[in-house]
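Below: one structure, written as structure tokens.
In this text, all values refer to a predicted model and were calculated from it rather than measured experimentally. For the numbers below, each heavy atom of this structure counts, side chains included, while hydrogens, waters and symmetry mates do not. Note that ligands are numbered from 1 as they come in the structure, with each ligand's atoms numbered from 1 the same way.
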Amino acid sequence: MDDFRDRVAVITGGASGIGRAIGLALADAGAHVVVADIDTPLAEQTAGEIAARGVRSLAVETDVAERDSVEALAERACEEFGAVHLLFNNAGVAMHGSLAEMSEQDWQWVLSVNLWGQLHGVRAFLPRIREQLQRGGGEAHIVNTASLNGVVARNNAHGVYTASKYAVVGYSFVLREELAAEGIGVSVLCPSMMDTGLLTAGRNRQQRYGGPLTQPPMPIPPRREPADPAIMAPRILDGVRENRRFIFTHPDTRGVVEEYQAELIADYDALDRALAAAEEGVAAS
Ligand SMILES: NC(=O)c1ccc[n+]([C@@H]2O[C@H](COP(=O)([O-])OP(=O)(O)OC[C@H]3O[C@@H](n4cnc5c(N)ncnc54)[C@H](O)[C@@H]3O)[C@@H](O)[C@H]2O)c1
């Protein structure tokens with residue numbers, strides 16, 4: 001999709017941070033935006049900022065972890081705008097701590113928002129998008145927000161988050177291949193560190209997962225300044241325009257991925273060496 005003018009976008013977690021920045025950039029490109037978020041006052045404020053740029057915008061209170069809530073969002077968006085061309089499954093939460101100290105409730109909260117939130121999004125919107133494409137309704141693209149933590153797993157005190165984002169990457173790749181023939185693009189967004197509300201994600205934790213959570217500040221790697229999402233949003237839209245499989249945001253993280261890939265391949269080298277040694281052993285005996 002190379003032109004966003006008069007397209008309709010739904011952004012979950014659209015009230016704050018990366019979602020908000022994408023919404024504002026889309027508005028600048030002429031798209032209408034549905035801001036779906038569990039934080040209703042902030043969603044309304046962001047929808048107001050988006051509408052001030054001369055497009056239509058609507059705030060819809062949504063808990064992505066609840067299937068019925070996401071279904072109601074899809075219903076409302078289609079009713080108001082007649083179609084949805086861009087779905088950003090972006091809502092996400094994080095908490096830190098070692099895997100051993102995470103409770104079952106911690107796992108349920110993070111997985112239900114970060115993974116199930118995206119599954120609910122696709123399950124609610126895909127049938128409607130398919131129907132609209134069959135009616136000749138143009139193009140469609142889905143962007144699932146993962147993280148660099150969905151590509152590189154390290155002991156960074158974010159094990160639950162990392163597991164959720166790896167699942168998002170795997171899910172998104174398969175979805176991309178499944179939908180390619182229908183002309184529906186799928187990208188997985190893998191941002192690195194940005195200056196957003198993610199460090200205080202516990203503010204939105206639902207009562208059923210224990211209610212609002214305050215954690216001491218997360219350890220942030222030294223020498224890395226979190227980036228301004230407003231600078232990153234146009235890069236993200238470029239990735240959609242080009243229907244990229246991965247949308248990365250920080251060019252300086254290339255080395256981290258290369259290093260990680262080299263470690264994977266090193267284990268193949270180890271396997272080759274072990275098999276060669278075993279063969280030599282057989283030949284010598
Ligand atoms: N900030 C970063 O450094 C960074 C890096 C990599 C990936 N990400 C990912 O980017 C996405 C956006 O996060 P952000 O950094 O902009 O954080 P943010 O906290 O600023 O924005 C997240 C938004 O999601 C909303 N939200 C939380 N739970 C929700 C729920 N159950 N239903 C609906 N909305 C809910 C919040 O109210 C908030 O508006 C997340 O998926 C996050 O994992 C962020």
Side-chain angles (χ1 to χ4, degrees), residues 10-25 34-47 49 59-70 72-73 88-96 108-121 124 143-152 156 158 160-169 171-172 188-209 211-213 215 218 220-221 224-233 236 246-250 253 256:
V10 173
I11 309 175
T12 70
S16 167
I18 297 172
R20 172 178 173 276
I22 292 171
L24 292 169
V34 178
V35 179
D37 206 287
I38 201 166
D39 184 338
T40 311
L42 198 58
E44 281 167 358
Q45 186 183 312
T46 301
E49 288 169 343
V60 181
E61 180 174 327
T62 309
D63 179 350
V64 295
E66 292 269 10
R67 186 191 54 209
D68 291 351
S69 178
V70 181
L73 163 69
F88 290 84
N89 283 310
N90 167 77
V93 293
M95 66 183 296
H96 59 276
Q108 277 170 350
W109 175 50
V110 176
L111 288 180
S112 68
V113 178
N114 293 7
L115 179 60
W116 275 100
Q118 303 207 353
L119 307 185
H120 291 323
V143 179
N144 293 335
T145 303
S147 166
L148 199 66
N149 288 118
V151 181
V152 172
N156 58 2
H158 292 103
V160 178
Y161 182 77
T162 298
S164 75
K165 295 300 188 179
Y166 257 75
V168 166
V169 170
Y171 169 72
S172 303
V188 63
L189 171 60
C190 291
S192 190
M193 218 191 334
M194 299 221 205
D195 188 10
T196 70
L198 192 66
L199 301 186
T200 57
R203 69 194 185 279
N204 292 310
R205 194 170 69 168
Q206 306 91 319
Q207 286 304 331
R208 61 187 184 281
Y209 303 117
L213 165 78
Q215 287 199 292
M218 281 202 278
I220 294 180
R224 296 281 320 273
E225 276 296 308
D228 179 354
I231 293 172
M232 298 298 167
I236 295 169
F246 272 119
I247 302 178
F248 293 112
T249 51
H250 292 53
T253 57
V256 176

- [ ] Measure across N89 and G121 and return the closest heavy-atom pair with its distance rounded to 0.1 Å.
- [x]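 Between these two residues, the closest heavy atoms are OD1-CA, 3.6 Å.
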[atom]: the protein heavy-atom neighbour that sits closest, reported with distance to 0.1 Å:
atom	result
atom 34 (N) of ligand 1	I38 N, 3.3 Å
atom 43 (O) of ligand 1	Y161 OH, 2.6 Å
atom 24 (O) of ligand 1	G13 CA, 3.3 Å
atom 31 (N) of ligand 1	D63 OD1, 3.0 Å
atom 11 (C) of ligand 1	N90 O, 3.1 Å
atom 6 (C) of ligand 1	P191 O, 3.3 Å
atom 14 (P) of ligand 1	T196 OG1, 3.4 Å

Under 4.0 Å from a heavy atom of [X]: give me the atoms of ligand 1 that qualify, with their elements.
X	value
Q206	31 (N)
G17	16 (O), 20 (O)
A146	7 (C), 9 (C)
T62	32 (N), 33 (C)
T145	9 (C), 10 (O), 11 (C), 41 (O)
V113	31 (N)

Heavy-atom distance to [atom]: which of [options] wins?
atom	options	value
atom 20 (O) of ligand 1	S16, A15, S192	S16
atom 2 (C) of ligand 1	M194, M232, H120	M194
atom 22 (C) of ligand 1	G19, G92, G197	G92
atom 28 (N) of ligand 1	V168, V93, N89, T12	V93
atom 37 (O) of ligand 1	L148, D39, D37	D37

When you measure from the heavy atoms of [X] to every atom of ligand 1, does any distance fall below 4.0 Å?
X	value
R205	no
R203	yes
R20	no

TODO: Just do the side chain to side chain contact (heavy atoms under 4.5 Å, CB included) check on V10 and V60 with the steps written out, would you?
DONE: CA-CA 10 Å; V10 173; V60 181; over 6 Å; no
Heavy-atom side-chain proximity of [X] to [Y] below 4.5 angstrom:
X	Y	result
L198	I18	no
Y166	V151	no
F246	V169	yes

Task: Criterion side chain to side chain contact (heavy atoms under 4.5 Å, CB included) on D63 and Q206, from CA distance to verdict - done: CA-CA 9 Å; D63 179 350; Q206 306 91 319; 3.1 Å; yes
Open item on the list: Check this for me - ligand 1, V64, N or O atoms closer than 3.5 angstrom, yes or no?
Closed with: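 Between V64 and ligand 1 (N or O atoms, distance only) the closest approach is under 3.5 Å.
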Open item on the list: We want to know whether H120 and E66 form a side-chain donor-acceptor pair, criterion being a heavy-atom distance below 3.5 angstrom.
Closed with: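 E66 and H120 do not have a side-chain donor-acceptor pair below 3.5 Å.
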Task: Residues forming a side-chain contact (heavy atoms from CB on, under 4.5 Å) with D195, sequence neighbours excluded - done: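 Partners of D195 under the side-chain contact (heavy atoms from CB on, under 4.5 Å) test: P226.
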Open item on the list: Using the side-chain contact (heavy atoms from CB on, under 4.5 Å) definition, which of the options I247, T249, L148, T196 pairs with P191?
Closed with: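 Checked I247, T249, L148, T196 against P191; only one passes side-chain contact (heavy atoms from CB on, under 4.5 Å): T249.
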TODO: Would you check, one step at a time, whether the test salt bridge (charged side-chain N to carboxylate O under 4.0 Å, His left out) holds for R20 with D37?
DONE: CA-CA 10 Å; R20 172 178 173 276; D37 206 287; over 6 Å; no
Open item on the list: Below a 4.0 angstrom heavy-atom separation, can you tell me which part of A94, side chain or backbone, both or neither, approaches ligand 1?
Closed with: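 No part of A94 comes within reach of ligand 1.
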Open item on the list: Once you measure the plane-to-plane angle for Y161 and H158, does it fall in the parallel (<30°), tilted (30-60°) or perpendicular (>60°) bin?
Closed with: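 Ring orientation of Y161 relative to H158: perpendicular.
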Open item on the list: Once rounded to the nearest 0.5 Å, what's the spacing between atom CH2 of W116 and atom OG of S164?
Closed with: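 Nearest 0.5 Å value for the CH2-OG distance: 14.0 Å.
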